[in-house]
Amino acid sequence: MKGIAGKQTRGLQNGSQLDVIDNTGAKVIEIITVPGYHGTARRVPSAGVGDLVIASVKKGTPAMRRQIVFAVIVRQRRPMRRPDGTMVFFEDNAAVITTETGEVKGTDIKGPVAREAAERWPRVSATASTII
């Protein structure tokens with residue numbers, strides 16, 4: 001089966017904190033919003049693996065802290081179903097800091113990256129060491 005499944009399990013919402021697994025200097029980010037999210041009235045925007053989010057850096061180097069950045073979610077704790085029927089989940093929520101177009105700002109990604117994020121963002125898959 002090729003491509004990304006139509007229904008994505010969205011396990012993270014506004015205010016969720018994620019670990020940053022690249023070498024940009026940020027350690028923890030908090031989701032501010034999800035660009036392109038079209039929900040229902042009064043529903044909190046949510047995001048899943050492979051989604052681009054706008055986030056605020058909460059912990060990291062003094063130069064990075066309190067900056068607004070774009071990030072791609074590469075892991076989530078919430079189980080997600082793949083088209084072949086398998087359920088996949090990770091032990092943490094993690095993201096990679098990117099530009100608005102999806103270019104990775106760091107040069108190294110630590111830990112595994114979900115296949116859904118790697119298929120959607122070619123620059124993330126090129127930088128990742130392990131794709132699950």
Practice task
Apply side chain to side chain donor-acceptor pair (under 3.5 Å) to S56 and list each qualifying residue two or more places apart in sequence or on a separate chain.
Solution key: none

Practice task
Test side-chain contact (heavy atoms from CB on, under 4.5 Å) on L12 and L18 and set out the steps.
Solution key: CA-CA 9 Å; L12 301 161; L18 304 120; 3.5 Å; yes

Practice task
Please report the closest heavy-atom contact between V20 and A26, naming both atoms and the distance.
Solution key: CB-O, 3.5 Å

Fill in the blank from the handout: E30 meets the side chain to side chain donor-acceptor pair (under 3.5 Å) criterion, sequence neighbours left out, with Q17

Handout entry: Same apolar cluster (I L V M F W Y, side chains within < 4.5 Å links), V49/I54
Key = no

Exercise for the section: Report yes if the side chains of I109 and V124 come closer than 4.5 Å at any heavy-atom pair, otherwise no. Expected result: yes

Practice task
Ignoring hydrogens and angles, tell me if any N or O in the side chain of R65 forms a donor-acceptor pair with the backbone of G60 under 3.5 Å.
Solution key: no

Problem - Residues forming a side chain to side chain donor-acceptor pair (under 3.5 Å) with T107, sequence neighbours excluded - result: N23

Exercise for the section: Measure the shortest side-chain to side-chain distance between K59 and M64 over non-hydrogen atoms and say whether it is less than 4.5 angstrom. Expected result: no

Exercise for the section: Spell out, yes or no, whether I21 and I97 are grouped together once hydrophobic residues are joined by side-chain heavy atoms under 4.5 Å, including indirect joins. Expected result: no

When the side chains of residues 66-77 are checked against the rest of the protein, which donor-acceptor pairs come out under 3.5 Å, sequence neighbours left out?
from: Q67; atom 1: NE2; to: A63; atom 2: O; distance (Å): 2.9
from: R75; atom 1: NE; to: D92; atom 2: OD1; distance (Å): 2.9
from: R75; atom 1: NH1; to: P112; atom 2: O; distance (Å): 2.8
from: R75; atom 1: NH2; to: D92; atom 2: OD1; distance (Å): 3.4
from: R75; atom 1: NH2; to: D92; atom 2: OD2; distance (Å): 3.0
from: Q76; atom 1: OE1; to: G11; atom 2: N; distance (Å): 3.3
from: Q76; atom 1: NE2; to: T9; atom 2: O; distance (Å): 3.1
from: Q76; atom 1: NE2; to: R78; atom 2: O; distance (Å): 3.3
from: R77; atom 1: NE; to: E91; atom 2: O; distance (Å): 3.1

Practice task
Begin from the C-alpha positions of D51 and R120 and carry the test side-chain contact (heavy atoms from CB on, under 4.5 Å) through to its verdict.
Solution key: CA-CA 9 Å; D51 287 344; R120 189 167 173 188; 2.9 Å; yes

Problem - K110 atom NZ, neighbour heavy-atom count above 12 within 6.0 Å - result: yes

Problem - Criterion side-chain contact (heavy atoms from CB on, under 4.5 Å) on T98 and E103, from CA distance to verdict - result: CA-CA 5 Å; T98 62; E103 296 289 323; over 6 Å; no

Practice task
Treating Ile, Leu, Val, Met, Phe, Trp and Tyr as nodes and any side-chain heavy-atom pair under 4.5 angstrom as an edge, say whether I32 and L52 lie in one connected cluster.
Solution key: yes

Handout entry: Partners meeting side chain to side chain donor-acceptor pair (under 3.5 Å) with D22 (sequence neighbours left out)
Key = T24

Practice task
Working to the nearest 0.5 Å, report the span between OG of S46 and CZ of R10.
Solution key: 5.0 Å

Fill in the blank from the handout: Heavy-atom nearest pair, F89 first then P79, reads CB-CA, 3.7 Å

Handout entry: Chi angles and distances behind the side-chain contact (heavy atoms from CB on, under 4.5 Å) call for W121, V96
Key = CA-CA 11 Å; W121 303 97; V96 174; over 6 Å; no

Side-chain donor-acceptor pairs under 3.5 Å in residues 33-41, sequence neighbours left out?
none

Problem - I131 and S125, any side-chain heavy atoms less than 4.5 Å apart - result: yes

Problem - R81 side-chain N/O to G85 backbone N/O, donor-acceptor pair under 3.5 Å - result: yes

